[in-house]
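Chain letters run A, B, ... following the sequence lines, proteins first, then strands; residues in each count from 1.
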2 protein chains.
Amino acid sequence: MARPRMFDEERALDAAMRTFWEKGYEATSTQDLCEATGLGRSSIYNTFKSKHDLFERALAYYIDTMTTAQLAVLEDPRHRAADRIRALFAMVVDGETEHRAGGRSLGCLTVNTTVELAARDSRAAAILERDTARRLTVLRAVIDEGRRDGSITSQRDAEALARFINAAIGGMRISSQGGADRTTLESIAEVTLDALTH
Amino acid sequence: MARPRMFDEERALDAAMRTFWEKGYEATSTQDLCEATGLGRSSIYNTFKSKHDLFERALAYYIDTMTTAQLAVLEDPRHRAADRIRALFAMVVDGETEHRAGGRSLGCLTVNTTVELAARDSRAAAILERDTARRLTVLRAVIDEGRRDGSITSQRDAEALARFINAAIGGMRISSQGGADRTTLESIAEVTLDALTH
DNA sequence: ATAGTTATGGATTGATCGGTTCAAAACTTG
DNA sequence: CAAGTTTTGAACCGATCAATCCATAACTAT
């Protein structure tokens, strides 16, 4: 009954997400978003309430793709728990190697947003907290499985190990953004795994 | 032969540093810097070439105080190597607990800057890289000592362990900014130390 | 005192910010 | 085809951005 959209909303979201990922929230202008999505201002503001709303959607979109893929690896029943965590680290290393701009890794949008916005943007913080809780829940389950299948022998409680693994991933991403190469990231992952078989 | 400064440059630098630490580079306006330092625009631009120059000075000032204090702990000859690393982690945890705003940890200015600027600001990246190199050098030395005094038994090479420890600190800071409390950070530190005595 | 120099506060710059408005274009439905 | 609805692009909004300018105040050296 009316003129249809000439663009795919998800494609626009994906382009906006990549821009926020590369430049951060503050450094991304609405003009940048227009150019990245190929849309005009009106189309963007007609589809999304504001720059911040678009950012929230982009962040949720990022989490929906990235975290979901990572948790799928963690829940793969074909491998023992420790190997799934190893696979998760490999995924992170691949991601850091793959997603770059200006010769540097882009890191991870959730980590970047935690640093840039969590302290003063409660809406973004809430999205991030939900993601962290979800990740930790799956990690705890994997650790319990690892205890049963014998691949994880550390006596630390599952909560501590889950937090440790999540922190290690963050540390790898920071290292990557700081210039660490693939081999370095792989060695960090190896040492991290040592702690699980203590 | 002329009118002297009415303000202490180092105090101004400290105030500017705290502002950049709390809000990040992009979100800090020159107005914010005037208010934080108590100086007028002219005084700031007369003393520092630009907002970016002031930021570089503030970052260097942060590194000069923070990293230097941390490396002093790592070089304390009264304790065995592993205990020095434990003390370093305790220092990080204390710092995260101490420096907060809006109910959240401020994290670490070097980590925050790595995330926000390293990819598109080569000058900031160079400052950060120098700091990382310095930290890694000291960490490698501590690990070598730990091998000798028996407090570090991991067979991984010193470079890998140094990178791992540095990454772990970054991961703890991200966790803290993501809302992790003191107890959680302490448990992450404990598990991290496990990897050194593998 | 006075000449010389710098620091300072306030006004001001052009550019860019996020966001709105509006008329014309484009499409669906009857 | 025509009525009705939404999308779209461009012009435009006040606010704020980093940075500069300038007149005056404040100080030192002679």
Short N-O contact, A/R18 and A/E22, less than 4.0 angstrom: no

Using whole Å, report how far CD of A/Q31 lies from P of D/dC13. 18 Å

What is the distance, to the nearest angstrom, from the CD atom on B/E35 to the C1' atom on C/dG9? 15 Å

Give one of base, sugar-phosphate or nothing for B/T47, where a contact means two heavy atoms less than 4.0 Å apart. nothing

Nearest 0.5 angstrom please: A/R80 CZ to A/R86 CZ, how far? 10.0 Å

Check whether any side-chain nitrogen or oxygen of B/S42 sits under 4.0 Å from OP1 or OP2 of C/dT8, and answer yes or no. no

Length of the CG-C1' vector between B/D32 and D/dT16, whole Å: 11 Å

Separation of C/dA7 P from B/E9 CD (nearest whole Å): 10 Å

In whole angstrom, give the distance that lies between atom CG of A/N46 and atom P of D/dA10. 17 Å

With a 4.0 Å cut-off on heavy atoms, is A/F7 in touch with a base, just the backbone sugar-phosphate, or nothing at all? sugar-phosphate

Residue pair B/H52/B/M6 against DNA chain D: nearer the 5' end by closest nucleotide is B/H52

Side-chain donor or acceptor of A/R41 under 3.5 Å from a matching atom on the base of D/dG9? no

Counting N and O atoms only, with roles assigned by atom type, does the side chain of A/T65 sit under 3.5 Å from a partner on the main chain of A/Y62, one being a donor and the other an acceptor? yes

Atom OH of A/Y45 and atom C1' of C/dC22 are separated, to the nearest Å, by 17 Å

Separation of C/dG19 C1' from A/L33 CG (nearest whole Å): 13 Å

Output yes when B/E145 and B/R140 qualify as a salt bridge under the 4.0 Å nitrogen-oxygen rule, no when they do not. no

Take atom NZ of B/K51 and atom P of D/dT16, then tell me their distance rounded to the nearest Å. 15 Å

Heavy-atom closest contact (A/G170 atom, A/V111 atom, distance): CA-CG2, 4.4 Å

Does the side chain of B/S43 get closer than 4.0 angstrom to OP1 or OP2 of C/dA7 through an N or O atom? no

I want to check one thing: is the phosphate of C/dC17, taken as OP1 and OP2, less than 4.0 Å away from some side-chain N or O of A/S29? yes

